[in-house]
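Please read the structure below before turning to the comments.
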Amino acid sequence: MLEPEHGPITQVEHTYTSCQVCVLSCLLLACLYVGSLYVWRSSLPRDHPSVIKRRCASVLLVSALSPAVVKAWIHWANIKVDASVLELMGVRLGGLVPAAVLPLLLTMVFYLGPLVHSAMDNPEGFNGELQSALDVQSWRLCVGDAVWLRNQVVAPVTEELVFRGAMLPMLVPCAGPTAAIFTAPLFFGVAHFHHIIEQQRLHKDSMSVILMVSGMQFLYTTVFGAFTAFIFMRTGHVVGPVLCHSFCNSQGLPDISSALQHPQRSALLFSYMMGLLLFLVLLFPLTDPLFYGAIPVCSLAPPPTSVCQIR
């Protein structure tokens, strides 16, 4: 029997089309997220409470719509999967407690140097740091602070849900788990370039300085995005990336230059190196899929699915 004039659709053509739909869906989400920040016209700085409240409302709305984008992608790409959309996005109960605790512990290990540094500079030492962390009144003040809520709650929840929870399930069937871990953060890093517009509007620095700062921000947000994407793929939960994101926002970048000038430099540098070493040693054991049960997003991956299986 003769084939149709253009022949049957090959697997390669189907894969190519699915990848196009995947990339376009990820771009749509990234544009919606960043674009929602500029829906509100204002001459006020980004840290003004009214600006923060409006932008938080916008990104929360985009995050709420992200499952619909994933659902549409499943339909357009003709993906067959048994799990629900929310389960694919890491919103599930199985293995929830270890998914919340172990990745956060891993991140705190990485920050061993900065944590020791902070305790050394505290007049009351480690006890003072612990009491400060557990102080109820301090937490009440934080909850009432719009900047704190944005940086520690809204940004981690919405960014991880959109840039990890929604994008990784769409990237995995096309790129595979490992490549998806390094591809998704590119959308996350590029999305932060919108700060160039705000800095240019405020005329605080020259364009060369703004571009240099934005380039550095792209670098560390991309590296951080790869880490939280790894956590998501290994645990199948979005809660771990959210908590790690919130903790890293509270700590900022490790201040190694300050540690080099500290009176107790040797002890500090040792704690920095130990933190990095322990982080590398514990990276795979603490993210062992054995702790988290069947990982829905890994069911989308073409073989081999090494990132989902390494123990």
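Reckoned from all heavy atoms, side chains included, excluding hydrogens, waters and symmetry mates. Given the structure is predicted, the values throughout are model-derived calculations rather than measurements.
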So if you build clusters from Ile, Leu, Val, Met, Phe, Trp, Tyr with side-chain heavy-atom gaps below 4.5 Å, do Val153 and Leu141 land together?
no
Indicate yes or no: at least one non-hydrogen side-chain atom of Leu86 is less than 4.5 angstrom from one of Pro67.
yes
Hey, could you give me each pair passing side-chain hydrogen bond (donor to acceptor under 3.5 Å, both in side chains) that has a residue in residues 244-257? Not counting sequence neighbours.
Gln152-Ser246, Glu159-His245, Glu160-His245, Asp255-Ser257
Any side-chain heavy-atom pair from Leu149 and Ile52 closer than 4.5 angstrom?
no
Quick one: side-chain contact (heavy atoms from CB on, under 4.5 Å) partners of Leu61, sequence neighbours excluded?
Leu65
Atom pair OG1 (Thr222) and CZ (Phe187), whose distance is rounded to the nearest 0.5 Å:
11.5 Å
Find out if a path of hydrophobic residues (ILVMFWY) with successive side-chain heavy-atom gaps under 4.5 Å connects Leu280 to Leu102.
yes
Show your working on side-chain contact (heavy atoms from CB on, under 4.5 Å) between Leu106 and Ile231 and close with a plain yes or no.
CA-CA 10 Å; Leu106 180 66; Ile231 295 297; 4.3 Å; yes
To check you understand the geometry: which heavy-atom pair defines the closest contact between Gly225 and Pro185, and what is its length?
C-CG, 3.4 Å
Donor-acceptor contact below 3.5 Å, side chain Thr107 vs main chain Pro103:
yes
Nearest non-hydrogen partners of Pro177 and Ala301, listed with the distance:
CG-CB, 3.5 Å
Going from CD on Gln137 to SG on Cys142, what distance comes out if it is rounded to the nearest 0.5 angstrom?
10.5 Å
Under a 4.5 Å side-chain heavy-atom rule over Ile, Leu, Val, Met, Phe, Trp and Tyr, are Trp139 and Val157 clustered together?
no
Could you walk me through whether Val116 and Leu112 satisfy the side-chain contact (heavy atoms from CB on, under 4.5 Å) test, starting with their C-alpha distance in whole Å, then the side-chain angles of each, then the deciding distance to 0.1 Å, before giving a yes or no?
CA-CA 6 Å; Val116 171; Leu112 177 63; 4.0 Å; yes
Report yes if some heavy atom in the side chain of Ser299 is under 4.5 Å from a heavy atom in the side chain of Asp82; otherwise report no.
no
Stepwise, does the side-chain contact (heavy atoms from CB on, under 4.5 Å) test hold for Glu87 with Val297?
CA-CA 8 Å; Glu87 287 174 332; Val297 68; over 6 Å; no
Taking all heavy atoms of Trp73 and all of Val21, pick out the closest pair and write down the distance.
CD1-CG1, 3.8 Å
Would Arg234 count as a cation-pi partner of Phe284, with NZ or CZ less than 6.0 Å from the six-membered ring centre and within 45° of the ring normal?
no
For the side chain of Tyr111 and the backbone of Pro254, is there at least one donor-acceptor N/O pair under 3.5 Å apart?
no
Keeping Ser271 on the side-chain end and Leu268 on the backbone end, is there a donor-acceptor pair under 3.5 Å?
yes
Do the side-chain N and O atoms of His48 and Ser50 include a donor-acceptor pair separated by under 3.5 angstrom?
yes
Let me confirm one number: the CG-CG distance from Leu269 to Leu260, rounded to the nearest 0.5 Å.
5.5 Å
With a 4.5 Å cut-off on side-chain heavy-atom distances among I, L, V, M, F, W and Y, is there a chain of contacts connecting Met108 to Met273?
no
Applying side-chain hydrogen bond (donor to acceptor under 3.5 Å, both in side chains), can you list everything that pairs with Thr158, at least two apart in sequence or on another chain?
Tyr33
Do you know which two heavy atoms are closest between Val109 and Leu282, and how far apart they sit?
CG2-CD1, 4.4 Å
Apply side-chain contact (heavy atoms from CB on, under 4.5 Å) to the pair Tyr292 and Leu96, showing each step before the final yes or no.
CA-CA 7 Å; Tyr292 313 105; Leu96 179 62; over 6 Å; no
According to the side-chain hydrogen bond (donor to acceptor under 3.5 Å, both in side chains) rule, which pairs have a member within residues 57-71, sequence neighbours left out?
Trp40-Ser58
Checking Ser138 now: which residues fulfil side-chain hydrogen bond (donor to acceptor under 3.5 Å, both in side chains) with it, not counting sequence neighbours?
none
Mind checking the CZ-CG spacing from Phe110 to Leu283? Nearest 0.5 Å is all I need.
11.0 Å
Are the ring centres of Phe279 and Phe227 closer than 6.0 Å?
yes
Among pairs that include at least one residue of residues 140-151, which meet side-chain hydrogen bond (donor to acceptor under 3.5 Å, both in side chains), considering only residues two or more places apart or in two chains?
Asp47-Arg150
Spell out, yes or no, whether Leu60 and Val91 are grouped together once hydrophobic residues are joined by side-chain heavy atoms under 4.5 Å, including indirect joins.
yes
Considering all heavy atoms, the nearest Met170-Cys26 contact:
CE-SG, 4.0 Å
Does any N or O in the side chain of Arg164 come within less than 3.5 Å of the main-chain N or O of Gly90, such that one atom is a donor and the other an acceptor?
no
Which atom pair, heavy atoms only, marks the closest approach of Thr228 to Pro241?
O-CG, 3.6 Å
Working to the nearest 0.5 Å, report the span between CG of Leu171 and CG of Leu300.
11.0 Å
His237 side-chain N/O to Val239 backbone N/O, donor-acceptor pair under 3.5 Å:
no
Should we say atom CZ of Phe247 is surrounded by more than 12 heavy atoms from elsewhere, each under 6.0 Å from it?
yes
If you measure from CG on Leu32 to CG on Leu27, what distance do you get to the nearest 0.5 Å?
11.0 Å
